[in-house]
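To start, the structure itself, in structure tokens.
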Amino acid sequence: MAADRYDAPKCEKHWQKAWEDKGIFQAREDDPRPKYYVLEMFPYPSGRIHMGHVRNYTMGDVVARHMRASGHNVLHPMGWDAFGLPAENAAIERGVHPGKWTYDNIATMRGQLKSMGLSLDWSRELATCDVEYYHQQQVLFLDMLEGGLVDRKTRKVNWDPVDHTVLANEQVIDGRGWRSGALVEQREQPEWVFKITDYAQDLLDALDGLDRWPEKVRLMQANWIGRSEGLLVRFETVKGTSPEGHNVLEVFTTRPDTLFGAAFMAIAPDHELAKAVAETNPQAQAFIEECHRHGTTAAEIETQEKKGIDTGVRVAHPAIEGAEIPVYIANFVLTEYGTGAIFGCPAHDQRDLEFARAYDRPVTPVVLPAGEDPATFAIGEEAYTGDGVLINSDFLDGLSVTDAKNAMADRLSARTVSGGPQGVRKTEFRLRDWGISRQRYWGCPIPMIHCEACGMVPVPVANLPVKLPEDVTFDVPGNPLDRHPSWKHVPCPKCGKDATRETDTMDTFVDSSWYFARFCSPRAGVPTDPNAVGHWLPVDQYIGGVEHAILHLLYSRFFARAMHKTGHVAVDEPFRGLFTQGMVTHETYKDADGKWVLPEDVTVRDGNSVHVETAAPITVGPVESMSKSKKNVVDPDSIIGTYGADTARWFMLSDTPPERDIEWTSGGVDGAHRFLQRIWRLVGDAAAKGSEVGASAPSGMDSEAEDLRRATHKTIAGVTNALQKLRFNSAVAQVYELANTLSASLQAAGAQPKDDVRFALREAAEAFARVSAPMVPHLAEECWALLGHKTLVAEEPWPEADQALLTEDTVTIAVQVNGRRRDELTIARDASKEDIEAAALKLENVERAIEGRKIKKVVVVPLRIVNVVA
RNA sequence: GCGGACGUGGUGGAACUGGUAGACACACAGGACUUAAAAUCCUGAGGGGGGCAACCCCCGUGCGGGUUCGACUCCCGCCGUCCGCACCA
């Protein structure tokens with residue numbers, strides 16, 4: 001006799017082994033079926049998987065299993081984003097080698113992922129810290145260098161003087177290093193960059209073609225790239241006011257129309273002219289130093305006052321004969337954007353206005369808003385940035401802003417100053433080149449050699465990989481590669497003299513920018529196998545968190561282009577479809593001392609939340625995304641161990657739309673688990689009462705059987721549609737609906753159902769197993785076996801809905817009077833408009849609602865609605 | 001400040017291109033089974049009012065307008081919540 005409960009944890013292991021033994025999830029390039037590449041963002045091996053992973057990988061697995069059943073040759077791989085800082089921190093804190101720490105974590109997490117029953121091709125597993133992987137990454141680097149996509153630039157960076165490393169902007173908190181707490185310095189430092197700006201325009205333009213990406217992500221990328229069209233204007237400096245060699249000051253502006261309102265020039269503290277002035281001007285020198293002490297964090301910039309210092313330099317106004325404009329060094333001008341210099345038009349730019357008020361510069365309006373009188377229009381606290389008509393602007397007077405921009409551009413382009421045109425139309429981008437140098441050990445070594453005689457020399461491909469040395473120490477700050485006794489000393493590949501290796505390693509975003517391509521041929525002796533990438537790329541469906549909307553996805557798009565240019569892939573866009581799933585949230589709990597408490601330590605007694613052991617009162621806080629710091633986390637292992645993976649998967653897919661945040665609740669888990677038990681019972685019942693495996697449909701069908709069949713086929717169609725659109729919650733709801741119908745049918749059928757009902761019961765139960773298989777694969781196998789099958793449901797084709805059963809002969813439509821629903825009408829599907837109208841007007845409720853008024857109009861939309869206007 | 005998304009019962013949410021608002025689930029209540037409980041099964045339910053009753057009426061998708069025979073859906077203006085960017089010239 002069968003047990004009366006489905007023992008998920010036990011059965012799940014059995015089915016996982018069955019799948020693995022048959023190797024059914026291994027992808028092959030020579031499979032003739034249409035390919036489908038499903039990928040979820042690979043995890044960082046932090047130690048254990050969290051609920052966010054469970055949600056992400058469940059969704060990907062549903063897509064993979066559904067597509068596989070629908071006749072596709074599916075590639076669904078998994079790997080590890082394994083380089084990065086936490087491994088080095090573990091080395092510093094616990095003395096464990098970063099490599100050991102990482103591979104131990106991978107082993108643990110691999111086991112956890114396997115317990116989820118994901119349909120992954122584990123034979124393609126890779127870790128970015130595998131020598132095999134970063135070897136090929138070094139090959140890519142050299143190819144990109146050769147292709148002119150790599151550069152070495154000296155740039156301003158956040159330098160942590162205690163840890164001896166460069167910090168990313170987000171690692172600087174209140175001007176201090178996030179780990180050392182030391183005041184961060186702005187430093188000029190040479191670093192390797194990828195020339196992503198070469199593709200700025202293309203990366204922007206191609207966003208239009210990414211029609212299967214969320215609009216939100218495309219917008220964020222467009223903003224990040226930040227294209228703006230304007231004019232490069234060359235201002236001549238006034239003789240005798242400017243240091244030697246600085247005869248021209250270049251400025252980028254998007255508002256050349258406001259040039260007649262120019263009240264000052266402002267240059268960045270790091271501008272060449274500023275440096276030149278500082279050499280003879282101690283006050284300017286002091287001001288520049290003060291600017292350097294300020295951090296670059298958003299909060300600091302926001303609170304920073306507009307400050308500047310007059311350099312004494314004067315430039316000639318390009319359109320007003322004899323007029324001179326003073327040049328300031330100002331803290332709000334960015335070195336990195338445009339030319340690092342601006343002209344200030346206070347009337348029409350808020351920053352410029354604030355600066356002009358502080359330094360007493362004139363505010364002359366040159367754009368008049370519609371409806372204002374030029375005689376009285378004045379600027380108060382707010383600059384006017386809108387459209388209007390030009391005033392106080394000589395030859396531009398009376399023109400619109402757009403026309404004035406063009407007129408000024410034309411005029412300046414035609415003029416020559418200091419041997420060049422005074423104005424050049426130009427497009428600027430906010431996007432900067434991608435600095436990849438990190439002064440760290442646990443990353444991919446940059447395969448370059450510094451030779452005193454030959455300069456920068458690439459490591460010959462034959463000498464790759466440049467392997468990380470094993471014997472490193474973390475007891476002192478700084479880069480272990482740099483202080484390793486022998487590693488960096490090598491002969492120059494060109495001249496043979498003593499030289500040193502580059503000790504910087506690559507940003508870990510480089511690793512994740514091409515792993516999707518490497519999965520196509522993970523063991524190839526070259527970065528990519530042309531047949532494999534040709535077959536699999538692009539990724540058809542990529543799934544991950546929105547937090548990667550900009551950097552990772554933009555870098556990957558750049559890499560696809562770079563790899564295309566260097567002959568490694570044949571596509572420009574790596575991801576055809578992108579889906580960004582929401583986060584997993586949970587209530588937060590605090591005890592009387594204000595300390596965070598884990599959900600598993602909280603229980604409800606007599607309506608109050610208390611600690612499980614001490615019964616001390618617990619305060620329930622707001623629902624927030626799961627994080628270790630707030631302790632509102634639930635361990636996937638314990639859920640899977642208690643309820644089984646299918647329960648966790650089902651919960652993740654139920655109720656909440658996948659792009660939204662989902663709240664994890666114990667009640668919801670219980671509910672999910674109860675339903676899975678119910679499926680198991682219903683299918684068991686249906687197996688007992690239904691017809692035998694493979695029985696064909698009896699000739700006659702009574703309405704009882706017919707109705708169940710209709711429900712079954714409606715569910716097949718509905719779930720198929722929902723899964724195609726990734727609306728998992730909708731698919732789940734329809735499975736629930738079929739469960740309710742099946743349950744009612746089983747009750748109505750009694751102990752000895754007729755043949756037609758027996759057939760319908762089996763059909764319903766089989767459909768059940770098949771359509772729920774992508775979501776709860778283990779339970780589906782169990783049900784499939786319960787129904788007497790010897791095959792695996794994972795290898796069964798997706799069921800097809802019988803169109804004939806989806807349409808009924810009669811339809812029920814609503815009947816409205818003056819837009820209010822008064823009754824409904826059941827009528828033949830193919831009834832004519834006239835028949836529908838006549839039947840509707842005969843309805844008692846309709847007659848009453850009309851109250852004898854004259855009927856003005858009757859709107860009839862067949863299959864939908866009747867609206868009587870009276 | 002700029003850009004974007006969202007606002008529907010006690011709760012999560014559904015409603016395809018404008019056509020019966022609240023599918024489905026959670027929680028809740030009542031009932032069946034049980035010595036009892038758990039589990040399970042059945043039933044109920046947006047709010048308000050009327051009727052012995054099957055039923056009927058009014059209000060209702062953040063607020064105020066508009067378009068339409070008809071608006072959760074489209075347009076305009078507010079309010080609120082969340083997210084991204086943030087001195088980008």
Side-chain angles (χ1 to χ4, degrees), chain A residues 4-5 214-224 226-228 230-231 251-256 258 266 268 298-299 301-302 304-306 330-334 336-345 348-352 354-355 382 385 428-432 546-547 549-550 651 654-657 659-663 665 667-672 674-675 677-678 681 718 721-722 725 727 729-740 743-744 747 812-825 845 848-849 856-861 863-870:
Chain A
D4 59 353
R5 278 183 77 75
E215 187 57 38
K216 179 188 170 158
V217 174
R218 292 194 282 169
L219 247 159
M220 282 165 73
Q221 292 216 349
N223 290 339
W224 187 264
R227 183 193 144 100
S228 59
L231 194 67
V251 154
F252 176 74
T253 179
T254 55
R255 294 298 302 272
T258 64
I301 286 165
E302 202 173 5
Q304 214 168 302
E305 235 178 279
K306 305 254 173 308
N331 63 350
F332 67 92
V333 180
L334 305 172
E336 306 278 350
Y337 191 77
T339 62
I342 62 160
F343 80 81
C345 176
H348 305 291
D349 183 291
Q350 193 58 34
R351 290 162 319 193
D352 296 348
E354 284 167 33
F355 190 82
E382 300 252 315
T385 55
E428 274 291 334
F429 293 92
R430 202 191 81 118
L431 182 69
R432 301 205 277 133
V546 238
E547 64 272 21
I550 297 172
F651 180 97
S654 307
D655 296 344
T656 305
E659 69 280 7
R660 267 187 237 178
D661 288 354
I662 189 170
E663 187 189 347
T665 62
V669 178
D670 288 337
R674 270 202 305 273
F675 180 68
Q677 293 290 348
R678 185 166 169 234
R681 279 193 308 271
N721 188 263
K725 291 179 178 159
R727 294 214 308 242
N729 56 321
S730 165
V732 164
Q734 292 179 77
V735 171
Y736 271 113
E737 226 164 327
L738 182 60
N740 293 340
S743 173
Q747 292 222 323
T812 301
I813 60 178
V815 181
Q816 301 180 330
V817 176
N818 292 335
R820 284 170 189 281
R821 181 184 168 281
R822 292 299 175 186
D823 208 337
E824 58 184 31
L825 179 66
N845 285 341
R848 186 174 45 232
K856 293 179 191 144
K857 186 176 173 186
V858 181
V859 180
V860 179
V861 183
L863 308 181
R864 293 236 176 253
I865 207 161
V866 177
N867 191 8
V868 181
V869 187

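Just so we're on the same page: letters track the sequence lines, and every chain starts at 1.
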- Rounded P spacing from B:G80 to B:A53 in Å: 47 Å
- Task: With P as the reference atom in both, quote the distance from B:C52 to B:G13 in angstrom, rounded to an integer.
- Result: 42 Å
- Message: Quiz question: going by heavy-atom distance under 3.5 Å, is there a donor-acceptor pair between the base of B:C87 and the side chain of A:K306?
- Response: yes
- Note on the structure: As its Watson-Crick or G-U partner within any shown strand, both distances under 3.5 Å, B:U40 has B:A32
Using a cut-off of under 3.5 Å, enumerate the N/O to N/O pairs linking the protein to nucleotides 42-52 of chain B.
none

- Atom P, compared across B:G7 and B:C63: separation rounded to whole Å: 13 Å
- Task: Please work out if A:T253 contacts a base, only the sugar-phosphate, or nothing of the nucleic acid, heavy-atom cut-off 4.0 Å.
- Result: sugar-phosphate
- Message: Can you tell me if A:N331 touches the phosphate of B:C87, counting only side-chain N or O atoms and a distance under 4.0 Å to OP1 or OP2?
- Response: no
- Within 45° cone and under 6.0 Å: A:K306 NZ/CZ vs A:F332 ring: yes
- Message: Any base atoms under 4.0 Å from A:R218, or only sugar-phosphate, or nothing? Heavy atoms, all strands.
- Response: nothing
- Nucleotide nearest A:R822 (side chain, heavy atoms from C-beta), chosen from B:C58, B:G19, B:G84: B:C58
- If you measure from the C1' atom in B:C72 to the same atom in B:A21, how many Å do you get, rounded? 7 Å
- Task: Just name whichever nucleotide pairs with B:U68, Watson-Crick or G-U, keeping both distances under 3.5 Å, else none.
- Result: none
- Message: For a quick check of understanding: with a heavy-atom distance under 4.0 Å over all strands, which category does A:S730 fall into, base, sugar-phosphate or nothing?
- Response: nothing
- Interatomic distance at C1', B:G51 relative to B:U81, whole Å: 44 Å
- Query: Considering only the P atoms, how many Å lie between B:A54 and B:A39, rounded to the nearest integer?
  - Reply: 33 Å
- Message: Can you check the distance between B:G9 and B:G62, where both ends of the measurement are the C1' atom (answer in whole Å)?
- Response: 15 Å
- For B:A27 and B:G44, measure between their C1' atoms and round to the nearest Å. 14 Å
